[in-house]
Amino acid sequence: MKIKAINGFKDILPEEVPLWQHIEGVARDIFQRFGCHEIRLPILEKTELFARSIGEATDIVEKEMYTFVEMGITMRPEATASLLRAFIEHGLHVRQPVQRLYTIGPMFRHERPQKGRLRQFHQVDAEVIGAVEPEIDAELMAMGQMLLTELGLSASLEVNSLGCPGCRPEFRRRLVAYLQDRQAGLCEDCRRRSETNPLRVLDCKKAGCREVVEEAPSILDALCPECRSHFDQVQSRLDLLGVSYSLNRFMVRGLDYYTRTTFEFVTGDLGAQAAIGAGGRYDGLIEQLGGPKLPGIGFAMGMERLVLLLQAADNRAERPGPSLDLFVAALGSRAGLHGYRLVHGLRQRGLRAAMDYSGRSLKAQMKQAARQAARHTLILGDDELERQTAILRNMQTQEQLPFPLQADVGQECLQLIDIIQTT
RNA sequence: GUGGGCGUAGCUCAGCUGGUGGUAGCACCUGGUUGUGGCCCAGGAGGUCGUGGGUUCAAGUCCCAUCGCUCACCCCA
């Protein structure tokens, strides 16, 4: 009985890691251009934190969390709650009126895995806390768009406003009333949702429900003057930045804390998973978590989804791993000992060096050197020790030069480095 | 939680209506070159056919169960 990784948990193998590092690198670079600072957060939090922020009645909290019940702790299903907890706990708002933060790491949800959806998945997440201005909303969306663009991906941006505690309840009442008269046209799930979470009906993909919903009252017509003005300005700022987007008045988010602006980056290239990134404003959440009365907005991108898109789109997704500066092919036991010291000396001086200890043929060792993408190979047999001269082969040009051996390994390393770096 | 598809070598997969598990490709090892990689050629190693039971003279193949993977629903990044 072989032990395997558990369902929904995946190893990221060495050949895939360069692509992951590339995505992280681009994300870090762009986030920093927008003034965001990295924050690193724990993976476990008190269960209550997620229940209070994401919402007791959401699918995530109801059935998807990895929770240690007896300890009252949960593996984070998303980053925002943890980030805000840290923000409040350390009083970060007193240092700077507007905090721009980002974090990268694994999240956990106990859903059935499928394409682009795992139980441990990774997100890059950016949040701006302390600013209500619509400039921020547009800027964050532009930042997400920039990340996708610089990765060589394209996705469409869909934007909506969910209003605020001032205007959403009224809209909700109107929607419920509308749906009540049209139960017959709805699917079973949506008939249930009409009671529990009527906004979700807007989001149903079934043909019958879409028909019903098409004529439903629009949240965008129901916004209060403040939300209306905010949303208008968000759109004009997006226009100003040249970010293209479309309004989607049916877009509803799965977390309870969103207010006003919400948005998704969507693609058709990911099977059933359309969203590669999503986010929105959460103006009441920080206070609700016991913090200061501050607004916030943020978004997350799913890294697995970015990886899938890059792998599918693009043969440059195969990024080479690090190559070797020098492979030492030693023949014979005395040469082996000399090479062993040499390789260590090169490593101490910053080079990537390797050799083989199994005493295999030169041919086999050359093959290994090639496989590890060594730029040079030093051929060192007992003959060479005798003559005090090894052979340095450039693996690309196939050129071979004599290399004088020395009594002092340090000197020898310096000379080798000198030659390698000038050829 | 519900439904479909699939489990054969490290990986990708052949294997028809049951009749000795593949000359398959990639990867690996050795040799062709008594000390020189990639290409080529030759050879080699590698398997409880997911697991357990059943039918049968005979099961990778048929039946049942079970475990695993996967896609989709739900929901979401």
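Naming: A, B, ... by sequence-line order, numbering from 1 per chain. Hydrogens, waters and symmetry mates are skipped; everything else that's a heavy atom, side chains included, is used.
Across all strands shown, B:U2 forms a Watson-Crick or G-U wobble pair, both distances under 3.5 Å, with B:A72. Here B:U12 sits opposite B:A24 as a Watson-Crick or G-U wobble pair (both hydrogen-bonding atom distances under 3.5 Å). When both distances must be under 3.5 Å, the Watson-Crick or G-U wobble mate of B:U66 is B:G50. Figure legend. B:G60 is base-paired to no nucleotide; pairs are counted as Watson-Crick or G-U wobble with both atom distances under 3.5 Å. Both distances falling under 3.5 Å, in either a Watson-Crick or a G-U wobble arrangement, place B:G43 opposite B:C29.
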- line: For nucleotides 68-74 of chain B, 5' to 3', base contacts (B), sugar-phosphate-only contacts (S) and non-contacts (-) with protein non-hydrogen atoms under 4.0 Å give SSSSBBB
message: Within the 4.0 Å limit for protein heavy atoms, which parts of nucleotides 31-40 of chain B are touched? Write it as a string from 5' to 3', B for base, S for sugar-phosphate only, - for none.
response: -B--BBBB--
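To the nearest whole angstrom, the two P atoms, one in B:U34 and one in B:U48, are 39 Å apart. The same atom, P, is picked in B:C63 and in B:G22; the two are 24 Å apart, to the nearest Å. Spacing between B:C64 and B:C28 at atom P, rounded to whole Å, works out to 43 Å. Across the C1' atoms, B:G37 and B:G19 are found 47 Å apart, a figure rounded to whole Å. When the C1' atom is compared between B:C49 and B:C29, the two are found 25 Å apart, to the nearest whole Å. One C1' atom belongs to B:G60, the other to B:U51, and the distance between them is 14 Å to the nearest Å. B:G44 and B:A24: their P atoms are spaced 11 Å apart (whole Å). For B:C71 and B:U61, the C1' atoms lie 25 Å apart once the distance is rounded to whole Å.
Not a single ring-ring contact (aromatic ring centres under 6.0 Å, His included) links A:Phe327 to another residue, sequence neighbours left out. By the ring-ring contact (aromatic ring centres under 6.0 Å, His included) test, A:His376 pairs with no residue at all, sequence neighbours left out. For the ring-ring contact (aromatic ring centres under 6.0 Å, His included) test, residues two or more places apart in sequence or in another chain that qualify with A:His110 are A:Tyr66. For A:Asp356, the side chain to side chain donor-acceptor pair (under 3.5 Å) partners two or more places apart in sequence, or in a different chain, are A:Ser358, A:Gln368.
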- prompt: Under the salt bridge (Lys or Arg N to Asp or Glu O under 4.0 Å) criterion, do A:Asp137 and A:Arg237 qualify, and how do the steps go?
  reply: CA-CA 9 Å; A:Asp137 302 44; A:Arg237 293 304 178 274; over 6 Å; no
task: Show your reasoning for whether side-chain contact (heavy atoms from CB on, under 4.5 Å) applies to A:Glu264 and A:Ile276.
output: CA-CA 8 Å; A:Glu264 277 182 9; A:Ile276 61 184; over 6 Å; no
- request: Using the salt bridge (Lys or Arg N to Asp or Glu O under 4.0 Å) rule, take A:Arg210 and A:Glu214 through it: C-alpha gap first, then chi angles, then the decisive distance, then the call.
  value: CA-CA 6 Å; A:Arg210 295 185 94 131; A:Glu214 195 59 42; over 6 Å; no
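If you check every strand for non-hydrogen atoms under 4.0 Å, A:Ala369 touches nothing. Contact annotation for A:Arg119: no contact, since no heavy-atom pair falls under 4.0 Å across all strands.
B:A77 atom P lies 11 Å from atom CE of A:Met107, rounded to whole Å. Rounded to an integer number of Å, the gap from CG of A:Leu148 to P of B:A77 is 15 Å. Atom-to-atom, CD of A:Glu15 to C1' of B:C11 comes out at 11 Å; the value is rounded to the nearest Å.
Between A:Tyr245 and A:Phe263, the ring center distance fails the sub-6.0 Å criterion.
The heavy-atom pair separating A:Glu16 from A:Asp11 by the smallest distance is OE1-O, 3.8 Å. Closest non-hydrogen pair, A:Asn160 versus A:Met251, comes out as ND2-O, 3.0 Å.
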